[in-house]
Amino acid sequence: MNKGRKWIIISSVSMLILSALTIFFIVLKHGESDMRKLYQGYYDLGLWLIVIWQIVIVVICIFLWTRVFRNVPGSALYIGRTMSLVLTCIAVIFLAGKWLYLVFDRDYGEIVKEQDGYMLVMETDSDDEPSYSIWHSDGAFYRRFAGNVGYAADSVAEGVFYTYVNGFKDNPGVSAEIADDDENSKEKKAEYELLNRYIKFAEDSFLKFQRGLSWEEKECADNLIGTVQVPIISENGMQDMSWFCDDICEWVEECLDEIPYDDAPWLYKEIVVAVPSVSKSFDLSQYISAGYNKATLYEGLYDFIDKELTTAEYPLQNKNYGMLGIMEGDGDDDYIAGIEPDCSYTTKDGSVYGMVPVDRAAGSSYYSLYAYKNGKPTLVNIDPFGGSGGEAYWITFIDDTNLGFACLTYNGGDDALLFRTEDGGKSFLQVNYPSGKVKLSDDSIYNPFTIPEKIWAEDGDLYMLVGQSPYSGDYYSEELEKHPSGLYVSHDDGMSFEYIGEQ
């Protein structure tokens with residue numbers, strides 16, 4: 001074998017290996033957006049591939065210069081060599097740009113939330129406008145599950161994020177199991193096709209509502225298959241029932257347009273609504289069997305969720321809550337001591353419990369609860385709001401006992417979440433309360449009372465005053481001649497509340 005042939009074989013094998021490694025790297029990067037989250041080893045692989053390709057291109061240029069164009073006569077020699085040099089420079093500069101892009105790429109975006117391997121990542125454009133995507137650790141690198149889940153609305157993006165954390169996943173459909181001698185095989189096959197068509201359409205159309213949708217297989221006596229897939233819709237723990245009910249009504253309407261009720265009534269027998277305390281089945285058929293009417297379905301769904309949302313199905317652990325006491329700690333965190341709490345509660349002996357902002361992203365703050373004695377902070381709870389961001393509005397403890405409440409506003413201050421603790425702030429649980437139910441002219445039900453303002457004890461019960469949003473609360477009571485607040489009472493130490501009326 002002469003040297004020329006040997007050189008060609010070695011070069012060809014090297015090029016094949018290099019090309020295979022490059023294809024492997026491209027496959028790893030497939031589906032990623034501008035913000036890549038590959039591990040360091042894959043970054044190194046990409047960098048080395050770019051360097052090697054630069055060397056290969058320079059070698060090819062030298063080969064063209066010294067061999068290919070060596071015997072080219074006249075001006076063609078200079079034209080050929082010039083073109084090879086220019087193309088080589090362009091290719092090297094292009095790869096150098098990719099090399100720099102890969103180096104700086106890892107700094108793109110900001111992880112706003114991270115839980116159970118999922119990450120909510122915020123990216124900003126040239127105008128500092130945020131957009132959000134959801135990522136998950138997938139083997140050796142991070143895979144983007146969903147992009148553009150919210151623009152400038154961090155509360156929407158957070159809602160989508162938690163649907164993934166709480167089990168959002170596509171239903172792969174149902175495999176048909178039909179015996180060849182089954183006399184109803186044709187009807188069963190048609191039912192399987194309807195069921196899988198319903199699942200696919202339901203998931204595709206539900207995505208735009210940015211809520212959690214999962215499935216549960218249940219027995220069904222109304223079809224030949226014997227089972228049905230029931231949708232489980234997550235309420236996500238937000239006090240936004242009007243929006244939530246409207247989303248479900250619109251979704252049901254779209255499903256009925258795709259598969260009419262009369263074609264497969266067993267598909268619409270029920271849906272399951274998952275609220276923070278429980279998951280309950282809602283009889284959908286009674287509202288659509290005689291014809292779809294949005295106002296009727298909306299009101300029935302609203303009443304159902306309003307009842308279940310405020311059901312106190314949490315265990316009462318300790319009726320004797322004991323007096324509030326600061327945990328012993330070193331109390332020498334100078335950094336925390338220099339941060340002013342956004343809201344605080346002062347006990348009769350002068351101790352202070354404060355919600356301290358420890359992080360901020362996309363217009364929302366994230367808090368830790370500290371107790372201060374003689375000005376020295378001691379950590380009580382590193383994440384009292386369970387990963388939720390917003391603005392800490394207030395915190396209080398009932399008569400200086402371990403029973404306390406805190407309020408976190410979100411959505412620019414238009415809405416708020418209520419949290420309850422019975423161990424002095426070491427742990428918090430979100431508590432919901434029923435709607436004030438003001439009916440509008442379009443038959444939708446409106447809850448004007450969205451911002452809890454205070455909670456106090458009186459005659460053995462707890463009372464809560466809930467105000468309107470300072471930005472969009474425009475409900476006016478002609479009877480009271482003012483913009484009222486809603487008054488609530490709790491007979492179980494704040495596990496649940498009943499609506500009393502306007503005040």
Side-chain angles (χ1 to χ4, degrees), residues 110-120 122 154-155 158 161-162 165 237 276 314-410 413 416-431 452 454-455 493-495:
E110 178 182 354
I111 299 175
V112 179
K113 287 182 177 295
E114 188 169 6
Q115 184 175 333
D116 298 340
Y118 290 91
M119 297 181 299
L120 178 63
M122 181 190 72
D154 52 307
S155 60
E158 289 170 13
F161 171 74
Y162 283 116
V165 172
Y314 306 101
L316 286 172
Q317 298 174 354
N318 183 8
K319 292 293 289 186
N320 182 18
Y321 300 106
M323 297 305 294
L324 198 59
I326 294 181
M327 297 182 299
E328 292 296 328
D330 51 33
D332 60 354
D333 193 328
D334 294 334
Y335 174 73
I336 293 298
I339 302 177
E340 188 73 21
D342 279 4
C343 62
S344 62
Y345 172 82
T346 303
T347 65
K348 292 178 181 178
D349 66 0
S351 300
V352 177
Y353 284 74
M355 290 291 182
V356 178
V358 294
D359 194 10
R360 189 166 179 83
S364 294
S365 295
Y366 298 87
Y367 294 88
S368 292
L369 176 61
Y370 281 84
Y372 300 79
K373 196 164 188 177
N374 300 321
K376 294 182 178 181
T378 299
L379 179 64
V380 178
N381 190 322
I382 195 170
D383 185 15
F385 297 129
S388 294
E391 297 295 330
Y393 191 37
W394 53 260
I395 179 173
T396 189
F397 290 90
I398 305 301
D399 297 329
D400 283 1
T401 67
N402 285 316
L403 177 62
F405 299 85
C407 178
L408 178 75
T409 64
Y410 67 98
L417 300 176
L418 179 67
F419 293 84
R420 176 185 185 274
T421 179
E422 57 181 37
D423 55 14
K426 298 175 187 176
S427 63
F428 281 86
L429 181 73
Q430 187 192 329
V431 177
K454 62 178 180 178
I455 294 179
D493 294 338
M495 299 299 291

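Partners of T409 under the side chain to side chain donor-acceptor pair (under 3.5 Å) rule, at least two apart in sequence or in another chain, do not exist in this structure. Here D423 pairs with T421, S427 under the side chain to side chain donor-acceptor pair (under 3.5 Å) rule; sequence neighbours left out.
Interatomic distance, OH of Y321 versus OG1 of T401, reported as 8.0 Å (0.5 Å rounding).
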- Verify side chain to side chain contact (heavy atoms under 4.5 Å, CB included) between F428 and L369, making sure each step is shown before the conclusion. CA-CA 11 Å; F428 281 86; L369 176 61; 4.0 Å; yes

- Could you walk me through whether I455 and F397 pass the side chain to side chain contact (heavy atoms under 4.5 Å, CB included) test, one step at a time? CA-CA 9 Å; I455 294 179; F397 290 90; over 6 Å; no

- How far apart are the C-alpha atoms of S365 and D359, what are their side-chain angles, what is the distance that settles it, and do they pass the side chain to side chain contact (heavy atoms under 4.5 Å, CB included) test? CA-CA 6 Å; S365 295; D359 194 10; over 6 Å; no

- Task: Go through the steps to decide whether R420 and L403 satisfy the test side chain to side chain contact (heavy atoms under 4.5 Å, CB included), and finish with yes or no.
- Result: CA-CA 8 Å; R420 176 185 185 274; L403 177 62; 3.6 Å; yes

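Surrounding CG of D383 are more than 12 heavy atoms belonging to other residues, nucleotides or ligands, all under 6.0 Å away.
Between V356 and Y372, the closest heavy-atom pair is CG2-OH, 3.1 Å. For the pair I395 and M355, the tightest heavy-atom approach, listed with the atom from each and the gap, is CD1-CE, 3.8 Å. The two residues P377 and Y370 have their closest heavy-atom pair at CB-CD2, 3.9 Å. Minimum heavy-atom separation, P341 to P357: CA-CD, 4.5 Å. Of all heavy-atom pairs spanning M495 and V431, the tightest one is O-CG1, 3.6 Å.
No side-chain heavy atom of E422 sits less than 4.5 Å from a side-chain heavy atom of L429. The side-chain heavy atoms of S368 and L379, taken from C-beta on, include a pair separated by under 4.5 Å. Taking 4.5 Å as the limit, every side-chain heavy atom of L417 sits out of range of all side-chain heavy atoms of C407. Side-chain contact between W394 and P452: present, with at least one pair of heavy atoms (C-beta onward) separated by less than 4.5 Å. Inter-residue side-chain proximity for N381 and Y353 is flagged as unmet; no heavy-atom pair is nearer than 4.5 Å.
Counting only residues at least two apart or in different chains, side-chain hydrogen bond (donor to acceptor under 3.5 Å, both in side chains) contacts with residues 338-348 comprise D342-Y367, Y345-D400, T347-D349.
Checked options Y410, Y393, F419; the residue passing with F385 is F419 (criterion: ring-ring contact (aromatic ring centres under 6.0 Å, His included)).
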